[in-house]
Amino acid sequence: MEPPRTLSSLLSDAGWARDLAPAERERVAAETIERRVASGGYVCRKGEPVDHWIGVVDGLVKMANVTPEGKSTTFTGVPAGGWFGEGSLLKDEPRRYDIVAMRDTRVALMPRATFQWLLETSLAFNRYLLVQLNERLGQFIGMVETERFHDPEGRVARCLAMLYNPQLSPGIGARLEISQEEIGLLAGVSRQRVNQALQALERAGLLSVEYGAVSVLDLEGLRAFGS
DNA sequence: TCATTAAATTGTT
DNA sequence: AACAATTTAATGA
């Protein structure tokens, strides 16, 4: 049923690659490499120089920051089909966050030079980055101005709305492969609470829960839930 | 292909 | 946190 996720499918499904000429697409594919990261491993670490724009071919990663005392704060997750790191790449600064694989994951590494070249030549690429930056900004503003942090339903709803973004991953269907435990790690909620919250959100008609996955039925409803 | 088993995930307490 | 129930994946005949 589900086609296997590959580097080439990630590149062909990506919204920013749609308008590329065949030759341009070939160049991107030739210069982008794939790397496996075991569950719990670092894709990249805070403070490292930024040499790549990174896409998630398969799996799930989280952007997090750990204090020396070991307390970790997770900012957001990136599912298969998502790209990240453009902020540090554009500003030419060291990596600001740790990127940790939440399960066995394959990532695509696009060299800085390729990124720059796309930035200068592709309108679709610029549009994609604009939408992505704006989308993130909106989500973080929502997090700041909302008081709903404390109830699990709001946190889970917000977390899923951030993960499932069809605007950034047009090829992705409504189905989001993620376990309730992983949602708990991202939302900062216990797995049990995630379970309860998902059932409540399902009753509200916003999503449907499946084994090892959830299907988003009403993205706007999810976003509005925490506000 | 089917039956059995192990592993992962879910739902409840 | 612990437990049972359910689903999926793996194995071998």
Side-chain angles (χ1 to χ4, degrees), chain A residues 1-10 13 34-43 54-67 69-82 84 98-108 139 143 148-166 168-169 171-226:
Chain A
M1 327 240 163
E2 302 248 349
R5 284 190 260 268
T6 63
L7 175 55
S8 57
S9 75
L10 174 70
D13 290 346
E34 181 176 322
R35 184 204 290 167
R36 304 185 105 87
V37 181
S39 177
Y42 286 92
V43 177
I54 304 176
V56 180
V57 179
D58 189 36
L60 179 69
V61 304
K62 65 177 176 183
M63 302 172 46
N65 217 339
V66 290
T67 65
E69 301 88 58
K71 298 167 188 167
S72 72
T73 50
T74 299
F75 295 107
T76 185
V78 182
F84 61 88
D98 289 324
I99 308 292
V100 181
M102 300 184 70
R103 57 174 107 119
D104 288 348
T105 296
R106 287 176 293 136
V107 293
Q139 298 282 8
M143 290 177 77
R148 278 261 182 171
F149 294 118
H150 304 299
D151 75 83
E153 296 175 5
R155 302 185 67 140
V156 169
R158 183 173 297 286
C159 169
L160 290 175
M162 292 187 80
L163 285 179
Y164 177 65
N165 195 324
L168 301 180
S169 320
I172 292 305
R175 184 181 164 87
L176 193 60
E177 272 185 28
I178 185 171
S179 72
Q180 299 182 0
E181 186 174 17
E182 289 169 332
I183 295 174
L185 290 173
L186 285 177
V189 179
S190 74
R191 186 181 66 77
Q192 293 91 323
R193 291 300 185 189
V194 171
N195 184 269
Q196 299 300 313
L198 285 180
Q199 293 184 26
L201 295 172
E202 183 175 44
R203 281 194 297 275
L206 301 179
L207 53 81
S208 69
V209 302
E210 299 159 31
Y211 184 85
V214 300
S215 282
V216 177
L217 302 177
D218 183 354
L219 179 58
E220 287 312 313
L222 277 181
R223 285 184 174 145
F225 198 91

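The chains referred to below are lettered A, B, ... by the order of the sequence lines, with proteins before strands, and numbering in each begins at 1.
Atom OG of A/Ser179 is separated from atom CG of A/Leu185 by 7.5 Å, given to the nearest 0.5 angstrom.
Per the geometry, CE belonging to A/Met102 stands 16 Å off P belonging to B/dA8, to the nearest Å. The interatomic distance linking A/Asp104 (CG) with B/dA8 (C1') rounds to 14 Å, in whole Å. Rounded to an integer number of Å, the gap from A/Gln196 CD to B/dG11 P is 9 Å. Rounding to whole angstrom units, CZ of residue A/Arg191 and P of C/dA1 are separated by 11 Å. The distance between atom CZ of A/Arg175 and atom C1' of C/dT8, rounded to the nearest whole Å, is 11 Å. Atom CZ of A/Arg103 is separated from atom P of C/dA9 by 13 Å (rounded to the nearest Å). Separating the CZ atom of A/Arg193 from the P atom of B/dT13 is a distance of 13 Å, rounded to the nearest angstrom.
The phosphate of B/dT10 has neither OP1 nor OP2 within less than 4.0 Å of any side-chain N or O from A/Asn195. The shortest distance between the side-chain N/O atoms of A/Gln199 and the OP1/OP2 oxygens of B/dT10 is not below 4.0 Å. For A/Gln192, no side-chain nitrogen or oxygen approaches OP1 or OP2 of B/dG11 to under 4.0 Å.
Few gaps surround CZ on A/Arg106; more than 12 heavy atoms of other groups in view lie less than 6.0 Å from it. Residue A/Glu210 qualifies as enclosed at atom CD: its count of foreign heavy atoms under 6.0 Å is above 12.
Residues A/Ile99 and A/Val107 form no side-chain contact, since every pair of their non-hydrogen atoms from C-beta on lies 4.5 Å or further apart.
Residue order along DNA chain B, read from the 5' end via each residue's closest nucleotide, puts A/Tyr211 first among A/Tyr211 and A/Leu198.
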